Structure formats: structure tokens, C-alpha cells
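What follows is a short report on a single structure.
Just so you know, these numbers use all the heavy atoms, side chains as well, and skip hydrogens, waters and symmetry mates. Every value quoted in this text rests on a predicted model; they were computed, and no experiment measured them. Numbering of residues begins at 1 and proceeds along the displayed sequence.
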Amino acid sequence: MNSNDHIQLAAPAGSEEEARTFFNGILGLTEIEKPENLKKRGGVWFQLGDYQIHIGIEEPFSPAKKAHPAFQVREIEALKTHLTDKEYPFVVDDNLPGANRIYVQDPFGNRMEMLEWI
């Protein structure tokens, strides 16, 4: 894997366990070890297919409420059911023709789009 194949999302200091609970516990992503020389910066990394999601610590922190990554998923209805079962909120958006999509916020308020092309 090329180390450039990642998405960076910001989070407040001390939020690594919350990130693990959401990205691993709710979304089922695999946590991967950060390089030793980067561990002192805090944060946590996850694997999603061929990409990584890097949760980086930013102070002062301000969530990305409009700018967002979009993830193409398979079986979005199963994802909706899973999120509902976990009591994790999402917003359905039917404004994009040909797409079944939702928006989810990570625990820090960063917006993420999940969509399946119909």
C-alpha cells in the first residue's frame, strides 16, 4: 500500500478511545499501528479496503461539518439497520439522483457521507 492512500479526519486531544469505539466498534474498521515516530502525536489509524482513515489530533479542534469524505458502500440498507441497532444516528439524503445515501457524524462532529449507487 502506498502511504498516501488515506483520509485524515481531525479529533480533539485524548479522543483515541472514542475513535476506536466508533470506527472499530460501530463501523467495523480495522485499527492499524501507527509508525513509531508518529505515535507521540496521538491519534489512531484504521484500514478501510485499500485506504486508511487517520484520526489526527488537532488543537484547537473544530469539526468539519460541511467538508467531508464520501465512502461508496455495498448494502447500505444493512448499514442503516446496523447503525439503527447500535442506536447511532444518521441522516438520509435523497437529493443525489441514482444514489442511496446517508450522512453520519463521527463522535467529534465530522461529517461523513456513505452512499450506494443504485
Checklist entry - Do Y103 and V73 sit in the same hydrophobic cluster, where Ile, Leu, Val, Met, Phe, Trp and Tyr count as joined when their side-chain heavy atoms come under 4.5 Å apart? => result no
Checklist entry - Which distance, rounded to the nearest 0.5 Å, do you find between the NZ of K34 and the NZ of K39? => result 9.5 Å
Next on the checklist: Please report the interatomic distance NE2(H82) to CD(E75), rounded to the nearest 0.5 Å.
Outcome noted: 13.0 Å
Next on the checklist: Please tell me whether I26 and L115 are part of a single hydrophobic cluster in this structure, the criterion being side-chain heavy atoms less than 4.5 Å apart.
Outcome noted: no
Item to check | Verify same cluster id: I53, I57 (apolar side-chain graph, 4.5 Å) | outcome: no
Item to check | Shortest non-hydrogen separation from R111 to P69 and the atoms involved | outcome: O-CD, 3.5 Å
Checklist entry - Do you know which two heavy atoms are closest between F108 and A19, and how far apart they sit? => result CZ-N, 3.7 Å
Checklist outcome for this item: So CZ of F46 and CD of Q52: to nearest 0.5 Å the spacing works out to 11.5 Å
Item to check | Heavy atoms of other groups near E87 CD, more than 12 under 6.0 Å | outcome: no
Checklist outcome for this item: One should read off an interatomic distance between M114 CE and L83 CG, to the nearest 0.5 angstrom, of 7.5 Å
Checklist outcome for this item: Of all heavy-atom pairs linking S15 and P12, the shortest is OG-O, 2.6 Å
Next on the checklist: Check whether N24 reaches the backbone of T30 with its side chain - one donor and one acceptor, N or O, closer than 3.5 Å.
Outcome noted: no
Next on the checklist: Would you say V92 ends up clustered with W117 if hydrophobic residues are merged whenever their side chains have heavy atoms under 4.5 Å apart, either directly or through other cluster members?
Outcome noted: no
Checklist entry - Any side-chain heavy atom of N100 sitting closer than 4.5 Å to one from K80? => result yes
Checklist entry - Yes or no on side-chain contact (heavy atoms from CB on, under 4.5 Å) for I102 and L79, after CA distance, side-chain angles and deciding distance? => result CA-CA 10 Å; I102 61 174; L79 175 60; 4.2 Å; yes
Item to check | L48-F23 co-clustered via ILVMFWY side chain contacts under 4.5 Å | outcome: yes
Checklist entry - Other hydrophobic cluster members with I32, side-chain heavy atoms of Ile/Leu/Val/Met/Phe/Trp/Tyr under 4.5 Å, chained? => result L38, W45
Checklist entry - Roughly how far, to the nearest 0.5 Å, is CG of L9 from CG of N110? => result 5.0 Å
Checklist entry - How about Y88 and F22: are their ring centroids closer than 6.0 Å? => result yes
Item to check | Distance-minimising heavy-atom pair for E58 and A10 | outcome: OE1-CB, 3.8 Å
Checklist entry - Roughly how far, to the nearest 0.5 Å, is CD of E116 from CZ of R101? => result 14.0 Å
